[in-house]
Amino acid sequence: MTIRLYNTMSRKLEEFKPLLPNHVGFYSCGPTVYWDQHIGNMRSFVNSDILKRMFIENGYDVKHVMNITDVGHLTSDEDSGEDKMEKGAARENKSAWDIAKMYTDSFIRDITSLNIIKPTFMPHATDYIPEQIEQIKKLEKLGYTYEIPGDGIYYDTSKFADYGALGGQNLSELRGGLRVDDNGKKNPTDFALWKFSPTDKKRAMEWESPWGVGFPGWHIECSAMSMKLLGPHFDIHVGGQEHIKVHHSDEIAQSEPIVGKPWVNYWVHYEWLLSKDGKMSKSSGDFLTVQDLIERGYDPMAFRYLLLLGHYHQPLDFSFEALDAATNGYKSIIRKVADLITSKGSEHVNDAVYDEWHNKILDTVSDNLKTAEALVYIQELLKDNKVNAATKLKLFEFIDRLLGLQFVNRAQKLLDIESVEAPEEIKKLAEERVKAKAEKNWELADKIRLEIDSAGWNVVDTKDGPKIIKKMA
RNA sequence: GGCUCGGUGGCAGAGUGGUUAUGCAGAGGACUGCAAAUCCUUGUAUGCCGGUUCGAUUCCGACCCGGGCCUCCA
């Protein structure tokens, strides 16, 4: 199957060629664990999950690294702003380490409820301080660094000719605005590799280094951990589009002098989930989490379904209206899959038909993750009466592996609920209703139905008589 | 200001140089005493103006509008 991905570096759709046959290594920027991740953040993790599943279904051995940023970087490259970890700690009256643990746990809970496959490695930045220091030492030896006394060790972007290539800017454009910053940076694009701890107070997280006690700059962890776990040259680096101009450009600037060029073959960037007021933002503190959706009675899988209706490289508008629509669509598919399970009987899977649909769907998702089109195929598949139930069901098992929407799982659960026997008193009521119906006493029959309904059961009249079905929670 | 991505029916959102997916919602019908589920049918859209073309929603240009990045941010 041909795999194609949009590479930010070339700004083109490119055919994917792995460094090692049937292996792919990719790195995705993970969360900074100082607060809950909102549903906009989740979009990117779902995107990475689809990317991974697509490779797996294409027979690749996937090595996926996602960092957990648990070290408090400053809120800018300057020596201003607050440390986010310490800010979170102050907000909740806990230590920075406790905050990191707490939000790492809630993050894992959220990605689990979205059926996201756990990354092969989820390294914590604080576990890789020696590696980060090692890299800074190398950059220092190569002449890319300078010190701002009392501030930190900085990377001199003017020494790196390709700086800004990822963001489509060249150095001269950037240097056009060259000025000496208040804190002594040589170029506006220069960034901290190592920050010194303030002399007047002790930081919650700080480490010894050849340059003095302090903490790493906010780009170096990704370079250190990706190289350590994926090797000096790997296939794919993904992230949100806001990282293109700063974080990823700086990662490249740090890494390529150390490992040579190219460092990463494909750069993939995700677009935003938008709310009515624009980009979802954590800054206001007013944002939705997966837990919020669950509390409002939504199925996280319906949210995942909503995300897959769009394309990762396109902004997607989130609204509860859209989520309701996705929920209805998702449930409707589950109902149909449940019907496949009950109607399949002893049918045999038609391998030729299976292959045809399997290839069509995998091909589509392999083409730059066109999940929306794959979902169209699902609708067509359900409607196609030339495909028997057993074959359809096997295809849904494949679709579940590829898209992670748990159709078969949910369908089986639905059937399990429907097969729960009603308690005696409900059965009795149902019998009374049958009598009322026989006497054409519709008023009474409807009254009894309401009674059964408020007890948590539905009466459905079928040609074999009434069925009593437990209502979904 | 620089860079960038868009503007498709009520909502979400695809593809395509020539009959404009799909889902949800809506309408009508079948089934049902009524419901639910299911099935069938169905209406409604390509920001504006030029250009290329036999033909453009699709390609090109201008314009209008909107989102985003350029501090931290998926």
Side-chain angles (χ1 to χ4, degrees), chain A residues 8 11 28-32 34-35 37-48 69 73-78 80-84 87 164 167-169 173-174 176-177 188-189 191 218 238-247 249 269-274 277-283 287 305-333 335-336 338-339 364 370-380 383 385 418 436-438 440-443 445-446 449-450 453 458-463 467 469 471:
Chain A
T8 306
R11 288 173 200 276
S28 62
C29 290
T32 300
Y34 73 106
W35 213 342
Q37 300 294 300
H38 58 64
I39 57 174
N41 301 121
M42 287 301 143
R43 186 182 187 197
S44 80
F45 301 122
V46 169
N47 287 337
S48 290
T69 300
H73 300 303
L74 298 181
T75 49
S76 80
D77 282 343
E78 319 293 327
S80 58
E82 294 168 278
D83 175 316
K84 283 193 290 192
K87 196 174 159 188
Q169 301 151 297
E173 276 171 348
L174 291 164
T189 47
F191 54 90
W218 69 281
V238 306
Q241 52 107 318
E242 86 287 356
H243 283 322
I244 296 170
K245 287 218 172 72
V246 177
H247 184 47
S249 291
H269 290 96
Y270 306 135
E271 257 297 342
W272 307 114
L273 183 68
L274 303 173
D277 308 315
K279 178 186 159 189
M280 266 190 205
S281 165
K282 222 179 286 188
S283 58
F287 53 83
Y305 180 79
L306 172 64
L307 295 179
L308 300 192
L309 286 169
H311 189 255
Y312 78 85
H313 209 259
Q314 219 63 262
L316 180 72
D317 287 341
F318 176 86
S319 66
F320 281 103
E321 193 183 2
L323 184 57
D324 287 336
T327 299
N328 288 340
Y330 180 66
K331 278 189 182 162
S332 152
I333 295 172
R335 173 78 264 165
K336 289 167 193 173
D339 292 345
T364 299
K370 291 189 335 200
T371 52
E373 218 174 310
L375 293 178
V376 171
Y377 284 135
I378 289 178
Q379 298 294 341
E380 288 178 4
K383 278 189 217 156
N385 50 28
E418 289 178 354
K437 276 181 51 155
K440 295 203 192 290
N441 187 346
W442 310 127
E443 209 176 308
D446 288 346
R449 187 210 294 281
L450 276 176
D453 180 85
N458 282 329
V459 179
V460 177
D461 291 325
T462 70
K463 58 181 188 301
K467 255 176 79 178
I469 296 172
K471 287 205 286 194

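Given the structure is predicted, the values throughout are model-derived calculations rather than measurements. Per chain, numbering begins at 1; letters A, B, ... match sequence-line order.
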B:C59 pairs with which nucleotide, Watson-Crick or G-U wobble, both distances below 3.5 Å?
B:G51

Specify the separation, in whole Å, of atom CD of A:Glu242 and atom P of B:A74.
6 Å

Strictly by Watson-Crick or wobble contacts shorter than 3.5 Å, is anything paired with B:C11, and which nucleotide is it?
B:G23

Quick check on B:A74: is either OP1 or OP2 less than 4.0 Å from any side-chain nitrogen or oxygen of A:Asn41?
yes

Distance col, row A:Thr462:OG1 vs A:Ile469:CD1, nearest 0.5 angstrom, shows 9.0 Å

Which is true for A:His247 with a 4.0 Å heavy-atom rule: it touches a base, it touches only sugar-phosphate, or it touches nothing?
nothing

Whole-Å P distance, B:U20 and B:U58:
15 Å

Look for any protein N or O under 3.5 Å of an N or O in nucleotides 31-40 of chain B and output each such pair with its distance, or none.
unit_1: B:G33; atom_1: O6; unit_2: A:Arg433; atom_2: NH2; d: 3.1
unit_1: B:G33; atom_1: N1; unit_2: A:Asp446; atom_2: OD1; d: 2.9
unit_1: B:G33; atom_1: N2; unit_2: A:Asp446; atom_2: OD1; d: 3.4
unit_1: B:G33; atom_1: N2; unit_2: A:Asp446; atom_2: OD2; d: 2.7
unit_1: B:C34; atom_1: O2; unit_2: A:Arg449; atom_2: NH2; d: 3.4
unit_1: B:C34; atom_1: N3; unit_2: A:Arg449; atom_2: NH2; d: 2.4
unit_1: B:C34; atom_1: N4; unit_2: A:Arg449; atom_2: NH2; d: 3.2
unit_1: B:C34; atom_1: N4; unit_2: A:Asp461; atom_2: OD2; d: 2.6
unit_1: B:A35; atom_1: N6; unit_2: A:Asp461; atom_2: O; d: 3.2
unit_1: B:A35; atom_1: N1; unit_2: A:Asp461; atom_2: N; d: 3.2
unit_1: B:A35; atom_1: N3; unit_2: A:Arg449; atom_2: NH1; d: 3.4

Contact string for nucleotides 4-14 of chain B, one letter per nucleotide 5' to 3', B = base within protein heavy-atom range under 4.0 Å, S = sugar-phosphate only, - = neither, reads -SS----SSSS

Nearest whole Å is fine: how far is B:A74 P from A:Tyr270 OH?
13 Å

Who is the Watson-Crick or G-U wobble partner of B:U32, with both distances under 3.5 Å?
none

Could you measure between the two C1' atoms, the one in B:C11 and the one in B:G68, and give it in whole Å?
23 Å

Distance in Å, A:Asn47 CG paired with A:His313 NE2, rounded so as to fall on 0.5 Å steps:
10.5 Å

In Å, rounded to the nearest 0.5 Å, how long is the span from OH of A:Tyr305 to CD1 of A:Ile378?
7.0 Å

Is a side-chain N or O of A:Thr371 found less than 3.5 angstrom from the main chain of A:Gly310, in a donor-acceptor match?
yes

Of A:Cys29 and A:Glu380, the one whose closest RNA chain B nucleotide lies more 5':
A:Glu380

First of A:Tyr330 and A:Gly239 reached from the 5' end of RNA chain B, by closest nucleotide:
A:Tyr330

One thing to verify: whether A:Arg335 and A:Asp339 come together as a salt bridge, which I'm taking to mean a side-chain N less than 4.0 angstrom from a carboxylate O.
yes

Does the structure show a Watson-Crick or G-U wobble partner for B:A37, both distances under 3.5 Å? Name it, or say none.
none

Between B:U22 (P) and A:Ile333 (CD1): distance, integer Å
14 Å

Have a look at A:Leu316 and tell me which of A:Leu307, A:Leu309, A:Leu274 forms a side-chain contact (heavy atoms from CB on, under 4.5 Å) with it.
A:Leu307

Rounded interatomic separation in angstrom, taking CD1 from A:Ile244 and P from B:C73
13 Å

Can you tell me how far CZ of A:Phe318 sits from CD of A:Glu321, rounded to the nearest 0.5 angstrom?
11.5 Å

Side chain to side chain contact (heavy atoms under 4.5 Å, CB included) assessment of A:Trp218 paired with A:Thr32:
CA-CA 11 Å; A:Trp218 69 281; A:Thr32 300; over 6 Å; no

Using both distances under 3.5 Å as the test, list the Watson-Crick or G-U wobble partner of B:C69, or none.
B:G2

Quick check: does any side chain N or O of A:Ser48 sit under 3.5 Å from a backbone N or O of A:Phe45, one acting as donor and the other as acceptor?
no

What is the distance, rounded to the nearest whole Å, between atom CG of A:Leu274 and atom P of B:C69?
10 Å

Quantified in whole Å, what is the C1' atom distance between nucleotide B:U22 and nucleotide B:G51?
34 Å

CG of A:Asn328 versus P of B:G23: gap in Å, rounded?
13 Å

Rounded to whole Å, the OH-C1' distance (A:Tyr312 to B:G68) equals 17 Å

Here the distance between atom C1' of B:C24 and atom CD1 of A:Ile378, to the nearest Å, is 16 Å

Using the C1' atom in both, what is the distance from B:G67 to B:A74, to the nearest Å?
16 Å

So how far is it from A:Glu373 CD to A:Thr364 OG1, rounded to the nearest 0.5 Å?
5.0 Å

If you measure only the distance, is there a donor-acceptor pair under 3.5 Å linking the side chains of A:Glu271 and A:Gln314?
no

